[in-house]
Amino acid sequence: MIVMKFGGTSVGTPERMKNVASLITRSGEPTFVVLSAMSGTTNSLVEISDYLYKKNPEGANDVINALEKIYLQHIEQLYSTEEWREKTRAFLCEEFDYIRSFTKDLFTSFEEKSIVAQGEVLSTNMMTNYLLENGIQTVLLNALDFMRTDKNGEPDPQYIKEKLQVKMSENEGFQIYLTQGFICRNAYGEVDNLLRGGSDYTASLVGAALGADEIQIWTDIDGMHNNDPRVVEHTEAVRQLNFEEAAELAYFGAKILHPTCVQPAKYAGIPVRLLNTMAPDAEGTIIDNVALRGKIKAVAAKDNITAIKIKSSRMLLATGFLRKVFEIFESYQTPIDMVCTSEVGVSVSIDNDIHLNEIVNELKKYGTVTVDCNMCIICVVGDLDWSNLGFETLATDAMKDIPVRMISYGGSNYNISFLIKEQDKKRALQNLSNKLFN
């Protein structure tokens, strides 16, 4: 069985919904489909929640009415028979009345999660009705019946596998199995969501639970590229990555995939294929456990980086210095991207500067602090094991005319990273592309 996930833009209009329907049915084989909310819907639901937090039900109702109007217009374009238009209108009426019910009571984060979950409920029901109208044997499985997180907010794979397999055995013989992405229940049975990776995470968890042959992530982007085509000339899509390389690229600028969402597929040994709904016959990018030796795959960039250097003679031969430094970042829930150390100092980079002033003030207890803003991380991804002579030299040679603030190499067998000024980004990416790929 193939698991296919489609994002919000892929189901953002009636025409695109019809396109997705043709994609999921063209093989004629049983297929499990994960859908996101239609593009723009989740933003509207969040706006509704914001009005209700502010005790402004009138503002919330205005947004609800505007959103309902959009969906009612979609009905006219999506369905070809009045029977299915009427069935879907009745569903939408009930659904939007449910959302309106939240304007009359106390509003908390629990109610917000219930409201935000309705985006996926809307898209999956509309798609199910469209497929049924066209004679496709389709069943809609409620994600809240099998998707669950534990007390730490992490997915519970054993629970998911057991409950999903029960649902599949109860619904044998269908061609299309549909479910909602992103939403789940938490350990206490409340409506919640998967946060990181959203619908991609759902698809990966479902694929692992079902032992799928392949998990397909469909977006409106043509796979992962060996560089940003908006910045660098003559880029190409990367056709194969292993899971470690994909995780590096996903973190360092390739926004098509969240690094954590493919972990269930990685552990289950199920390949993940990235495909483009606008070019459905394109090869896309396959992510699997196959490592191609001696090959550089891609270059990516991450903007809005801040570099912080702490210099202290007290660091020399001192135990516990790094622990104290890292605890400051931990206390302000600020992840560190890169780390470089010397005998008398340590440099780190962060991509979240919300608590920068507080962090700097704390760090000044331990040494002299220097901050560089508007920086950029350039990441070279591929088989960069230290035993492969010359690969790191190729990368550093391409950067010989670029001022480099930090270099990170050796923490991973698949990545060498450079911290540079954002103004040098385009030149650095082009140099690396010319040196490594052309």
Exercise. Rounded to the nearest 0.5 Å, how far does CE of M38 lie from OG1 of T124?
Worked result: 12.0 Å
Problem set entry | Least distance between heavy atoms, R85 atom then Y79 atom | NH2-O, 3.0 Å
For this session: Classify the side-chain pair W84/E86 by whether it contains a donor and acceptor separated by less than 3.5 Å.
Result: no
Exercise. Does the side chain of Q263 come under 3.5 Å of the side chain of Y201 through a donor N or O and an acceptor N or O?
Worked result: no
Exercise. Rounded to the nearest 0.5 Å, how far does CD1 of I160 lie from OG1 of T202?
Worked result: 8.5 Å
Exercise. What distance do I115 atom CD1 and L52 atom CG have between them, rounded to the nearest 0.5 Å?
Worked result: 5.5 Å
For this session: Would you kindly say whether N186 and T149 are connected by a side-chain donor-acceptor distance under 3.5 Å?
Result: no
Problem set entry | Between Q77 and Q73, a side-chain donor and acceptor under 3.5 Å | no
For this session: Decide side-chain hydrogen bond (donor to acceptor under 3.5 Å, both in side chains) for N431 and S433; before the verdict, give the C-alpha distance in whole Å, the side-chain angles of both, and the deciding distance to 0.1 Å.
Result: CA-CA 5 Å; N431 288 356; S433 181; over 6 Å; no
For this session: Would you check if the side chain of T13 reaches a backbone N or O of R16 as a donor-acceptor pair within less than 3.5 Å?
Result: yes
Exercise. Quick one: does T25's side chain get under 4.5 Å of T31's, heavy atoms only?
Worked result: no
Problem set entry | Shortest non-hydrogen contact from V33 toward I176 | CG2-CG2, 4.1 Å
Problem set entry | Minimum heavy-atom distance between I407 and M338, given as atom pair plus value | C-CE, 4.1 Å
Exercise. Under 3.5 Å, is there a donor-acceptor pair linking the side chains of E133 and N129?
Worked result: no
Problem set entry | Straight-line distance of F110 CZ to E190 CD, nearest 0.5 Å | 5.5 Å
Problem set entry | Least distance between heavy atoms, G119 atom then L45 atom | N-CD1, 3.4 Å
Exercise. Salt bridge or not for D397 and K435, using N-O below 4.0 Å?
Worked result: yes
Exercise. For K87, what residues pass the salt bridge (charged side-chain N to carboxylate O under 4.0 Å, His left out) criterion, not counting sequence neighbours?
Worked result: E83
Problem set entry | Verdict with reasoning, Y414 to K297, per side chain to side chain contact (heavy atoms under 4.5 Å, CB included) | CA-CA 9 Å; Y414 302 96; K297 298 289 185 64; over 6 Å; no
For this session: Please assess D424 against R427 for the test salt bridge (charged side-chain N to carboxylate O under 4.0 Å, His left out), listing each intermediate value before the final yes or no.
Result: CA-CA 6 Å; D424 295 321; R427 190 156 55 100; 3.4 Å; yes
For this session: Heavy atoms only: give me the nearest A428-I420 pair and the separation to one decimal.
Result: CB-CD1, 3.6 Å
For this session: Indicate yes or no: does R100 engage D97 in a salt bridge with an N to O separation below 4.0 Å.
Result: yes
Problem set entry | From CA spacing to verdict: side chain to side chain contact (heavy atoms under 4.5 Å, CB included), E112, Y53 | CA-CA 9 Å; E112 178 185 17; Y53 272 125; 3.0 Å; yes
For this session: Taking only Lys NZ, Arg NE, NH1 and NH2, and the carboxylate oxygens of Asp or Glu, determine whether R405 and D372 approach each other closer than 4.0 Å.
Result: yes
Exercise. Are E244 and K266 close enough for a salt bridge, meaning some N to O gap below 4.0 Å?
Worked result: yes
Exercise. If only atom types and distance count, is the side chain of E154 paired as donor or acceptor with the main-chain N or O of D150 below 3.5 Å?
Worked result: no
Exercise. With a 3.5 Å cut-off and no angle check, do the side chains of S36 and S199 form a donor-acceptor pair?
Worked result: yes
Problem set entry | Candidate pair E15 and N19, rule side-chain hydrogen bond (donor to acceptor under 3.5 Å, both in side chains), full reasoning | CA-CA 6 Å; E15 194 58 41; N19 181 47; over 6 Å; no
Exercise. Does any N or O in the side chain of S204 come within less than 3.5 Å of the main-chain N or O of A265, such that one atom is a donor and the other an acceptor?
Worked result: yes
Exercise. How far does CG of L144 sit from SG of C184, to the nearest 0.5 angstrom?
Worked result: 8.0 Å
Exercise. Any salt bridge between K425 and E422, counting N to O under 4.0 Å?
Worked result: no
For this session: Check step by step if side chain to side chain contact (heavy atoms under 4.5 Å, CB included) holds for M147 and L205.
Result: CA-CA 9 Å; M147 294 300 298; L205 289 162; 3.5 Å; yes
Exercise. When you measure from the side chain of T219 to the backbone N and O of I217, does any donor-acceptor pair fall under 3.5 Å?
Worked result: no
For this session: Look at atom CZ of F107 and say whether more than 12 heavy atoms of other residues, nucleotides or ligands are closer to it than 6.0 Å.
Result: yes
For this session: Could you walk me through whether I296 and V381 pass the side chain to side chain contact (heavy atoms under 4.5 Å, CB included) test, one step at a time?
Result: CA-CA 6 Å; I296 300 295; V381 171; over 6 Å; no
Exercise. Hey, is E76 close enough to R89 for a salt bridge, meaning N to O under 4.0 Å?
Worked result: yes
Problem set entry | Non-hydrogen side-chain atoms of T285 and Q240 separated by less than 4.5 Å | no
For this session: Apply ring-ring contact (aromatic ring centres under 6.0 Å, His included) to Y332 and list each qualifying residue two or more places apart in sequence or on a separate chain.
Result: H355
For this session: Using only heavy-atom distances, determine whether the side chains of T88 and Y71 contain a donor-acceptor pair under 3.5 Å.
Result: no
Exercise. Step by step, would you call R26 with D281 a salt bridge (charged side-chain N to carboxylate O under 4.0 Å, His left out)?
Worked result: CA-CA 12 Å; R26 65 179 177 175; D281 295 321; 3.3 Å; yes
For this session: Please check if atom NZ in K18 has more than 12 non-hydrogen atoms from other residues, nucleotides or ligands closer than 6.0 Å.
Result: yes
Exercise. What closest approach, in Å, do L141 and M168 show between heavy atoms, and which atom pair accounts for it?
Worked result: CD1-SD, 3.9 Å
Exercise. Listed by chain and number, what are the ring-ring contact (aromatic ring centres under 6.0 Å, His included) partners of F326, not counting sequence neighbours?
Worked result: none
Exercise. Once the angle between the rings of Y177 and F32 is folded into 0 to 90°, is it parallel (under 30°), tilted (30 to 60°) or perpendicular (over 60°)?
Worked result: parallel
Exercise. Within the distance-only criterion (no hydrogens, no angle test), does the side chain of D50 pair as donor or acceptor with the backbone N or O of V46 below 3.5 angstrom?
Worked result: no
For this session: State whether a side-chain donor-acceptor pair under 3.5 Å links N193 with R185.
Result: no
For this session: Could you tell me whether a side-chain N or O of T138 sits under 3.5 Å from a main-chain N or O of L131, the two making a donor and an acceptor?
Result: no
Exercise. Quick one: do the E120 and S123 side chains pair a donor with an acceptor below 3.5 Å?
Worked result: no
For this session: Starting at CD of E111, measure out to CD1 of I48 and round the result to the nearest 0.5 Å.
Result: 14.5 Å
Exercise. Does some side-chain heavy atom of F174 sit less than 4.5 Å from a side-chain heavy atom of P30?
Worked result: no
For this session: Take D200 and K5, measure what salt bridge (charged side-chain N to carboxylate O under 4.0 Å, His left out) needs, and give me the verdict at the end.
Result: CA-CA 7 Å; D200 291 350; K5 173 264 172 179; 2.9 Å; yes
Exercise. Checking R148 against Y159: charged group under 6.0 Å from the ring centre and within 45 degrees of the axis?
Worked result: yes
Problem set entry | Side-chain H-bond candidate by donor/acceptor type, D351 with S349, under 3.5 Å | no
Problem set entry | Greater than 12 external heavy atoms within 6.0 Å of E170's CD | yes
